[in-house]
Amino acid sequence: MTATSTQPKHEVRDLSLAPLGKQRIEWAGREMPVLRQIRDRFAQEKPFAGIRLVACCHVTTETAHLAIALQAGGADAVLIASNPLSTQDDVAACLVADYGIPVYAMKGEDAETYTRHVQIALDHKPNIIIDDGSDVVATLIQERQHQIADIIGTTEETTTGIVRLRAMFKDGVLTFPAMNVNDADTKHFFDNRYGTGQSTLDGIIRATNVLLAGKTIVVAGYGWCGKGVALRARGLGANVIVTEIDPTKAIEAVMDGFRVMPMDEAAPHGDLFVTVTGNKHVIRSEHFDLMKDGAMVCNSGHFDIEIDLKSLGAKATEVKDVRPFTQQYLLVNGKSIIVLGEGRLVNLAAAEGHPSAVMDMSFANQAMACEYLVKNKGKLEPGLHSIPVEVDKEIARLKLQAMGIMIDSLTAEQTEYINSWTSGT
Ligand code: ADE
């Protein structure tokens, strides 16, 4: 926990894990060619010279590559965890020991430690904040108004954080620019859909080792993340039921071939429930009463509020750890309910989060968004800003190139046609 002369200040679980972290970070790098190119350019151009930066992210092998790219660009960066259960302790150790990056993150840290780390990050007096869920920005606004003058801008990784930033803007408290990384096409089409899809099923399988073929899986929420989870669950042979509150998304789910019904109708059918709505108490007391004995519940939305675990706890006579990240609640009605990952992001608690190949594009957006903020310092209005289309397309182009896939380009005739309105029927 204390710094030696060569190591920065930090709070990580165990520095002796650094060699394992290094090996795993290198492995992830094989699938992150776009971020690697950006890092190499940053190393030449040093866009972040003199910039203090705080990144509040899931501390994973992929985040390590983002932090290393920002450091290569000259940033004076501090990294903290965006979730108490998502930190990979070996990665945190390696970033401190081998890269000299101050990291404050430990898997399983309690709420007090988590909020203390947010304060330590703000003590760094950041000019740029990379946030995932908006906890650092919310704390800055609520508790450190005097530091807002230092802020060039923030970037936000996830849907939940974007929803919070919109609410801040509506309340007139978001007084600096915020780059909406989540809504870039090269982010949410891939990370939210294929990343959450694969990593959620990965977390469920690692936690339980149950066969999913033939099981009934209830997916709550049919946004990009829900679409990915439903798609991959079906791919593994599960019968998938979707619950929604948005009529358009519900039609989409129906036309994608899923059964759609309210949660109280789905509750008695599900063997496994996955929440991905971003909202509170999507599975609550009345639903637990209807569930089968041994039903499993988990969450892949950003915060641990989607499953009302307090109400489940109130019905329980005993809570037992039955496997890592797997707890059995024995209920007064004689049934049991299994909770995975304490209702926190199951893909990061019980597995390793999204695979590197999608985080490559997400973090390319993060890196380019930070550069955009610095290049446009003082010129951007307060509030949310989209990632410029040309940046989004460049990331797609680089990814495709790295995948060795060529595509067509418009002929001169097609370009002329697409830009004119005069020729019709
Ligand atoms: N969010 C989801 N998966 C992630 C990962 N592998 N790294 C960082 N943030 C993530």
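Note that this is a predicted model, so its numbers are computed, not measured. Note that ligands are numbered from 1 as they come in the structure, with each ligand's atoms numbered from 1 the same way.
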Checklist entry - So does R164 pair up with D135, basic N to acidic O under 4.0 Å? => result yes

Looking only at protein heavy atoms, which one is nearest to [atom], and what is the separation?
| atom | result |
| --- | --- |
| atom 5 (C) of ligand 1 | T60 OG1, 3.6 Å |
| atom 3 (N) of ligand 1 | H354 N, 2.8 Å |
| atom 1 (N) of ligand 1 | H58 CD2, 3.5 Å |

Checklist entry - With a cut-off of 4.0 Å, which atoms of ligand 1 are near a heavy atom of E352? => result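 Result: 6 (N).
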
Checklist outcome for this item: Near T63 (heavy-atom distance under 4.0 Å), the atoms of ligand 1 are 7 (N), 8 (C)

Next on the checklist: Quick check with a 6.0 Å cut-off and a 45 degree axis cone: is R234 positioned over the face of F258's six-membered ring?
Outcome noted: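 Flagged: R234 positioned over aromatic ring of F258.
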
Checklist entry - Under 3.5 Å, is there a donor-acceptor pair linking the side chains of D110 and T113? => result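 Yes, side-chain donor-acceptor contact under 3.5 Å.
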
Checklist entry - Among all residues two or more places apart in sequence or in another chain, which pass the side-chain hydrogen bond (donor to acceptor under 3.5 Å, both in side chains) test with N209? => result none

Checklist entry - How would you list all residue pairs meeting ring pair (Phe, Tyr, Trp, His ring centres under 6.0 Å) that involve residues 130-151, not counting sequence neighbours? => result none

Item to check | Heavy-atom gap E157 to ligand 1 smaller than 4.0 Å | outcome: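 No, E157 has no heavy atoms under 4.0 Å from ligand 1.
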
Checklist entry - Judging by distance only, is a nitrogen or oxygen of D132 under 3.5 angstrom from one on ligand 1? => result no

Checklist entry - Any sub-3.5 Å donor-acceptor pair from D171's side-chain atoms to V173's backbone N or O? => result no

